[in-house]
Amino acid sequence: MMQCLDRLKHLCAAVIHCCDADLYKQPKGLDNPEALARETVFSVSEIEALYELFKKISSAVIDDGLINKVFDLFDTKHNGILDFEEFVRALSVFHPNAPIDDKIEFSFQLYDLKQQGFIERQEVKQMVVATLAESGMNLSDDVIESIIDKTFEEADTKHDGKIDKEEWRSLVFRHPSLLKNMTLQYLKDITTTFPSFVFHSQVDDT
């Protein structure tokens with residue numbers, strides 16, 4: 001259970017990270033949980049639980065290039081701050097019930113660091129190195145290059161030195177484990193997984 005909490009807190013801290021501490025604001029009230037419930041895969045009670053979590057970690061700052069990329073993808077207002085609505089929409093893609101197409105699209109954008117509409121070899125290397133660093137693994141550069149070689153050998157079916165969205169989609173369907181980190185199972189039971197975040201709702205789930 002603690003591992004679940006730590007992982008979710010790490011993700012949540014990532015998506016509400018802001019590069020300039022002066023831009024932080026106190027989270028405003030939960031204005032319309034019903035509207036958010038209609039627009040995401042969360043129920044009203046789950047959104048209320050997420051709001052309690054959001055308030056608890058809204059001051060978290062993590063300085064990491066990969067996390068900055070995640071933040072940029074979810075900062076749809078491009079103002080350097082994630083408000084609660086952006087926070088919920090951000091987590092929605094990681095929900096077990098989120099459409100697979102949404103997960104594929106997000107994972108592609110995560111690798112497409114330069115936002116060019118395709119993934120280059122250097123971008124894959126950056127992601128591999130970041131993933132290894134997060135897991136505490138230390139591989140030689142030769143081994144990393146070998147991993148990248150095999151990835152492009154399989155994924156780059158057009159042999160143009162890059163992986164486009166169509167090729168990425170095909171690769172993901174052949175290797176579903178690539179989306180393993182795109183699903184947080186405990187988001188499906190957020191109100192029971194983190195009971196301390198639940199408060200008495202004045203809105204019934206419908």
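Values in this document were obtained by computation on a predicted structure and should not be read as measured data.
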Q: Please report the shortest heavy-atom distance between Leu171 and Ala155, naming the atom on each side.
A: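 Closest heavy-atom pair between Leu171 and Ala155: CD2-CB, 3.8 Å.
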
Q: First locate atom CD of Glu153, then atom NE2 of His159, and finally report the distance between them rounded to the nearest 0.5 Å.
A: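 The CD atom of Glu153 sits 9.5 Å away from the NE2 atom of His159.
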
Q: Is the backbone N or O of Lys180 less than 3.5 Å from a side-chain atom of Ser177, with the two atoms forming a donor-acceptor pair by type?
A: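 Judged by distance alone, no pair lies under 3.5 Å.
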
Q: Transitively linked via ILVMFWY side-chain contacts under 4.5 Å: Leu110 with Leu91?
A: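 As far as the 4.5 Å side-chain criterion goes, Leu91 and Leu110 are connected within one cluster.
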
Q: Just by distance, with hydrogens left out, do Glu105 and Gln109 show a side-chain donor and acceptor under 3.5 Å apart?
A: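 Indeed, the side chains of Glu105 and Gln109 share at least one donor-acceptor pair under 3.5 Å.
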
Q: Give the minimum heavy-atom separation between Glu123 and Glu120, together with the two atoms involved.
A: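 For Glu123 versus Glu120, the nearest heavy atoms are OE1-N, 2.7 Å.
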
Q: Just by modelled atom types, is the Ile163 backbone N or O under 3.5 Å from a matching donor or acceptor in the Lys158 side chain?
A: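 Not a single qualifying donor-acceptor pair exists.
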
Q: What distance separates Ile144 CD1 from Asn138 CG, expressed to the nearest 0.5 Å?
A: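 Those atoms lie 8.0 Å apart.
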
Q: Is the closest side-chain heavy-atom distance between Glu154 and Arg174 below 4.5 Å?
A: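 Sidechains of Arg174 and Glu154: in contact.
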
Q: Who are the side chain to side chain donor-acceptor pair (under 3.5 Å) partners of Glu145, not counting sequence neighbours?
A: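 Glu145: side chain to side chain donor-acceptor pair (under 3.5 Å) contacts with Arg121, Lys125.
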
Q: Mind checking whether Thr151 and Val128 have side chains closer than 4.5 Å, heavy atoms only?
A: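 A side-chain contact under 4.5 Å is absent here.
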
Q: Enter the distance from Phe152:CZ to Glu167:CD here, rounded to the nearest 0.5 Å.
A: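 Here the rounded value is 9.0 Å.
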
Q: To the nearest 0.5 angstrom, please state how far the CD atom of Glu46 sits from the NE2 atom of His95.
A: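 Taking CD in Glu46 and NE2 in His95, the distance rounds to 5.0 Å.
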
Q: Say you draw a straight line from CD1 of Ile119 to CD of Gln126; how long is it, rounded to the nearest 0.5 Å?
A: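 Interatomic distance, Ile119 CD1 to Gln126 CD, rounded to 0.5 Å: 12.0 Å.
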
Q: Membership question, hydrophobic clusters at under 4.5 Å side-chain separation (ILVMFWY): are Val41 and Phe106 in the same one?
A: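 No, because Phe106 and Val41 fall into different hydrophobic clusters, even though each may have its own neighbours under 4.5 Å.
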
Q: Within a strict 4.5 Å, meaning less than it, do heavy atoms of the Glu34 and Ile47 side chains meet?
A: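 Answer no - side chains too far apart.
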
Q: Mind checking whether Trp168 and Tyr111 have parallel, tilted or perpendicular rings, split at 30° and 60°?
A: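 Taking Tyr111 first and then Trp168, their aromatic rings sit tilted (interplane angle of 30° to 60°).
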
Q: Return the CD1 to CE distance between Ile104 and Met182, rounded to the nearest 0.5 Å.
A: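 Going from CD1 on Ile104 over to CE on Met182, the span is 9.5 Å.
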
Q: If only atom types and distance count, is the side chain of Ser92 paired as donor or acceptor with the main-chain N or O of Val88 below 3.5 Å?
A: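 No, because the side chain of Ser92 does not come within donor-acceptor range (under 3.5 Å) of the backbone of Val88.
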
Q: Heavy-atom distance under 4.5 Å between the side chains of Leu36 and Phe42, does that happen here?
A: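 Heavy-atom side-chain distance check fails, nothing below 4.5 Å.
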
Q: With a 4.5 Å limit on heavy-atom distance, are the side chains of Leu179 and Ile100 in contact?
A: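 A side-chain contact under 4.5 Å exists here.
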
Q: For Asp160, look at atom CG and say whether over 12 heavy atoms of other residues, nucleotides or ligands are found less than 6.0 Å away.
A: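 Count over threshold, so yes.
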
Q: Closest heavy-atom contact between Pro96 and Thr183?
A: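 In terms of heavy atoms, the two residues are closest at CA-CG2, 3.8 Å.
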
Q: Flag the pair Glu86 and Lys77 as a salt bridge only when some basic side-chain nitrogen lies within less than 4.0 angstrom of an acidic carboxylate oxygen.
A: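 No, no charged N to carboxylate O under 4.0 Å.
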
